[in-house]
Amino acid sequence: MKRQLLLGLILTAAAGVAASAETAPADVAYEDGAVAQSLSGAAGNPEEGAKVISTRSLGNCVACHAITAMPSAAFQGNIGPSLDGVAGRWDEAGLRGIVSDAKMTFDGTMMPSFYKTGPYIRPGDAFTGKAAEGELPPLLSAQQIEDVVAYLMTLKE
Amino acid sequence: MKFRALASTCAIVAFAGVAANADPADDTLVINGEIPIVTHTDAAPPYIEGLTEQYSGWHFREADTRAMEQDDFDNPGMLGVEAAAANWNEVDGTAGKACASCHEAPESMAGVRTQMPKYSEAKGTMMTLEMYINECRTERMGAEAWGWDDAAMVNMTALISSVSRGLPMNVAVDGPAAPYWEQGKEMYYTRYGQLELSCANCHEDNYGNYIRADHLSQGQINGFPVYRLKDAKLSSIHNRFKGCVRDTRAETFKPGSPEFIALEVYVASRGNGLSVESPSIRN
């Protein structure tokens, strides 16, 4: 059953690849945590990335990371490191890998994996507290990841 | 006298801790000018490996919220206590009894909350305060059981807890409690949900830090039930657990479930040594 579901997903993903050169979450190639190729096959849009980063229902990255260049995002958190100057510390592939699945770069990090579909322990249906029905989509889409990475690349010291 | 000396020691320790440990507020809590509350210790119990000191959630709230808890007339949670105090004397059920019929004044319950949850030899299971209340209602009063989060139940737990204010939490972790404690500990470090967050990620590794506007506390439950300003009502321990697990994008457990009872045993033990503070006030 599980295997069939997985096969179905792979086929769906394969169909997606043909159409848009998008990489499915399970097919992302991490090299020392970094991901060289665009997940969507397209370039990221930094303005869209800024929205994903600051919007609660999307990435909400500022919940844990401070970004001085984004004063409109209120109540920036301090769980993770400040993202000021992050483009000077990581290259694009490194940032793509961290945004997609930070656990590939930092073993055991608290940071959620934004481009992953599981396995999870007691996965829920968003914030309803109810059990998820079927496989969950990743927290962010391939293009949203690319948009976030494009914005982060503008954060030079 | 002894308490006052302890409170001032705590103040000094808290002050010293500020620089090293993010920023729990440097403040001391005395309720009604007469009940000193231990809201900080510099020695967590030895079986709690992840904590070197303990802070009540009171330290992580703003000054005005902290002040509300210093006087019962300013504490909206005391309205629930008063409602339960009236209920305490009301006959309910087929046996024609009120709580007061057997227990006299609510003050006779002093110390009870410090040991909750407590293993019941008679029942052969771990029991929370809610379960002891319902045991009385159904087996001795002939009354209907209250739901876990019914206002009457939450108010009654607030009343019974309030008469233990100032007494140190002292939940048993060994003997028959051990398997429950172990299960709760396992849960505390399990990364639930699509966000893969454990209790420890926020409340052990990051207390004092902020997730957006939320100032993370140690998740101590010595102040439960708490009056939450955002809900404008008292909230049970399990109701708070449910909300936390939900916020990890997980399928939660139910209030009163075996999982949450075990988690309560473990989390309560992380606060052993802090004073009972219920009903406390939080965001």
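Residue numbers start from 1 in every chain, and the chains themselves are labelled A, B, ... in the order their sequence lines are given, proteins ahead of strands. No experiment lies behind these values; they were computed from the predicted model shown.
- Contact count against chain B (heavy-atom pairs under 4.5 Å) is highest for A:Ala74 among A:Ala74, A:Ala132, A:Ser113.
- Side-chain contact between A:Arg56 and B:Arg212 is present, with at least one heavy-atom pair separated by less than 4.5 Å.
- Between chain B and the residues A:Gly129, A:Gly77, A:Pro112, A:Cys64, the largest count of heavy-atom pairs under 4.5 Å involves A:Gly129.
- No donor-acceptor distance shorter than 3.5 angstrom exists from the side chain of A:Asn78 to the backbone of B:Asn209, with no hydrogens or angles considered.
- Contact check for B:Leu216 versus A:Ile79: side-chain heavy atoms found under the 4.5 Å cut-off.
- With a 6.0 Å radius and a threshold of 12 heavy atoms from other residues, nucleotides or ligands, A:Lys103 has its NZ atom above the threshold.
- Looking at B:Glu259 and A:Arg122, no side-chain N of the basic residue comes within less than 4.0 Å of a carboxylate O on the acidic one, giving no salt bridge.
- Within a 6.0 Å radius of NZ in B:Lys118, no more than 12 heavy atoms belonging to other residues, nucleotides or ligands are found.
- Side-chain atoms of B:Gln194 come within 3.5 Å of backbone atoms of A:Pro137 as a donor-acceptor pair (strictly under, hydrogens ignored).
- Residue B:Tyr47 qualifies as enclosed at atom OH: its count of foreign heavy atoms under 6.0 Å is above 12.
- For B:Leu197, the part lying near chain A is the side chain, with the backbone staying farther off; criterion is any non-hydrogen pair under 4.5 Å.
- The closest side-chain heavy-atom distance from A:Leu136 to B:Arg249 is not below 4.5 Å.
- Across A:Phe127, A:Tyr120, A:Phe114, a single residue satisfies side-chain contact (heavy atoms from CB on, under 4.5 Å) together with B:Leu195, and that is A:Phe127.
- Applying the 6.0 Å contact sphere to CG of B:Asp64 captures more than 12 heavy atoms from other residues, nucleotides or ligands.
- Taking each heavy atom of B:Ile211 and A:Met110 in turn, the nearest pair found is CD1-CE, 4.3 Å.
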- Going through the checks in order, is the side-chain contact (heavy atoms from CB on, under 4.5 Å) test met by A:Lys130 and B:Arg246? CA-CA 8 Å; A:Lys130 298 194 172 78; B:Arg246 178 199 63 212; over 6 Å; no
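- Looking at A:Ala66, neither its backbone nor its side chain comes within 4.5 Å of chain B, counting heavy atoms on both sides.
- For the pair B:Glu251 and A:Pro123, the minimum side-chain heavy-atom distance is 4.5 Å or more.
- When heavy atoms are compared at a cutoff of 4.5 Å, B:Ser198 does not approach chain A at all.
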